[in-house]
Protein chains: 2
Amino acid sequence: MSAVKSGQNGAHKAAIRQENEEQILAAAELVFADYGFKGATTARIAEIAKVPKANVHYYFSTKEALYRRIMEDICDHWLEAAMTFENSSDPAEILRGYIEAKMDLSRARPHGSRVWAHEIIRGAKFSSDYISTTVKNWLDSRVVVINRWITEGKMDQVEPYSLMYMIFATTQHYADFARQIEIFNNDQPLSDTQFAEAKENVVRIILKGVGLS
Amino acid sequence: MSAVKSGQNGAHKAAIRQENEEQILAAAELVFADYGFKGATTARIAEIAKVPKANVHYYFSTKEALYRRIMEDICDHWLEAAMTFENSSDPAEILRGYIEAKMDLSRARPHGSRVWAHEIIRGAKFSSDYISTTVKNWLDSRVVVINRWITEGKMDQVEPYSLMYMIFATTQHYADFARQIEIFNNDQPLSDTQFAEAKENVVRIILKGVGLS
DNA sequence: ATTTATCTTGACCGTTTGGTCAGGTTAAAA
DNA sequence: TTTTAACCTGACCAAACGGTCAAGATAAAT
């Protein structure tokens, strides 16, 4: 018997596998977030996941396989946030919704954002395909939407890419540079209230900045 | 004789030392920018600097000493840009000048920005003192200036920290995420013209966003 | 009860790591 | 010219690295 109870038909084994994989994935996300792919060590991941190092390699054949799996999970979550950027309805509400979704993602999964940051800073060696296809297609279609809003006179004539980069940068900054923000905030992580206010400030400045308020 | 000629009084030796140190420092900045402190290797630094690995340790006793030196140089350059944020004259011009100075810094020294990003993402293990003293003091004094502008009715009532974080994030994004931007730009680095336009767009959105245009 | 498939892990392997060092070269000082 | 101080580097080392493996433990299937 273990902490995970057996229902029937090998449910116990399946549960053990799931629990171990989750523990290893969570540990890996943290370690990759701190050190990037090259700097991270499987020994440290095993230590945090509280399993022997050999067990990490039992569930994930190589460090690279584990890293790719982490990247997939991160991309899935990013896509979820991206979905909030629809092309119907009111521009201000759409932009607000997307900025808030990205801010919330930075708050809920800060490690994921930091892994992504490492990946891009180093030159997107593992993810350039994903960026040049999935992400680029998504971005280009949003650019079309923004340009339509501009043509329709709904907002200022801003360069859509510059605007999107500003949104990417600012929202992810609250995850990637959380430690710096914490130091400026008298060594205290932003409280839920402070974060909610930051979110509102970001939305307000950007919306007004592009003539949407 | 070597490529570096002797003037007199040990000038040759001094010149050799300077040239080697510069070559090692340039290589180290690049490698630390790619991999962070832990992921970087002295062998790779030596390879890029085109000196034997033992020579790297002759000029810089340890990898950590080399890293600290790089961080010092980065901080010096950041301080230069920070100086453009004066507390006299027109708010719009001051903010514009600072944003442009930070964008130019991202363009001129992208590796430095990426080293800094690694450092903070990992938790500012080497630089928390510098941030909590020099940088925090500078930031807090700028916050006072911005609050004065607000009191004087010169700009909107924006939370100064949120604004500064937005400027940090957006300007540094053009260095740290240059590879991602390059992919979006059809695998071409931003040209000087594109970069100048991006700079102007950032300035325009932020200035208007805080009611300064 | 026995077999089978999965899970577990200490010990180990070849390679890479940061760092050392002895012995050599070069150029400035005496 | 001789001495001295600085520079150079191949060879080396202990520790840490990603990954392997054989032998054992556990639980599902027969």
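Numbered from 1 within each chain, the chains take letters A, B, ... in sequence-line order. What you see below is based on every heavy atom in this structure, not just the backbone, and it leaves out hydrogens, waters and symmetry mates. No experiment lies behind these values; they were computed from the predicted model shown.
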Quiz item: Between B/R109 and B/E29, is a salt bridge (charged side-chain N to carboxylate O under 4.0 Å, His left out) present by the stated rule, with each step listed?
Solution: CA-CA 10 Å; B/R109 292 180 63 89; B/E29 186 172 301; 2.9 Å; yes

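- Remark: A/K136 is not positioned above the aromatic ring of B/F184, lacking an NZ or CZ atom under 6.0 angstrom from the ring centre and at most 45 degrees off the axis.
- Counted by atom type alone, B/K102 and B/Q172 present one or more donor-acceptor pairs between their side chains at under 3.5 Å.
- Salt bridge absent: B/D34 and A/K38 never bring a charged side-chain N and a carboxylate O closer than 4.0 Å.
- For the residue pair A/E119 and A/Y67, a side-chain donor N or O sits within less than 3.5 Å of a side-chain acceptor on the partner.
- Note: OH (A/Y59) to C1' (C/dT8) measures 9 Å, nearest angstrom.
- A heavy-atom distance below 4.5 Å is found between the side chains of B/L105 and B/H77.
- Note: B/W78 and B/W138 have perpendicular aromatic rings, judged against thresholds of 30 and 60 degrees for the angle between ring planes.
- With pairs defined as Watson-Crick or G-U wobble and both atom distances under 3.5 Å, the stems of at least three pairs that touch DNA chain C come out as C:1-30 with D:1-30.
- For the atom pair A/C75 SG and A/R68 CZ, the distance stands at 11.5 Å (nearest 0.5 Å).
- Proximity of B/F177 to A/Y165: side-chain heavy atoms (C-beta onward) are nowhere separated by under 4.5 Å.
- At least one side-chain heavy atom of B/F37 sits under 4.5 Å from a side-chain heavy atom of B/R122.
- In this structure, A/I16 atom CD1 and D/dA25 atom P are separated by 16 Å, rounded to whole Å.
- Taking every heavy atom of residues 48-58 of chain A and every atom of DNA chain C, pairs under 4.0 Å involve A/P52, A/A54, A/N55, A/Y58, by number.
- Within residues 21-47 of chain B, the residues approached by DNA chain D to less than 4.0 Å at the level of any non-hydrogen atom are B/K38, in residue-number order.
- Between B/R17 and D/dA6, a side-chain N or O to OP1/OP2 separation shorter than 4.0 Å is absent.
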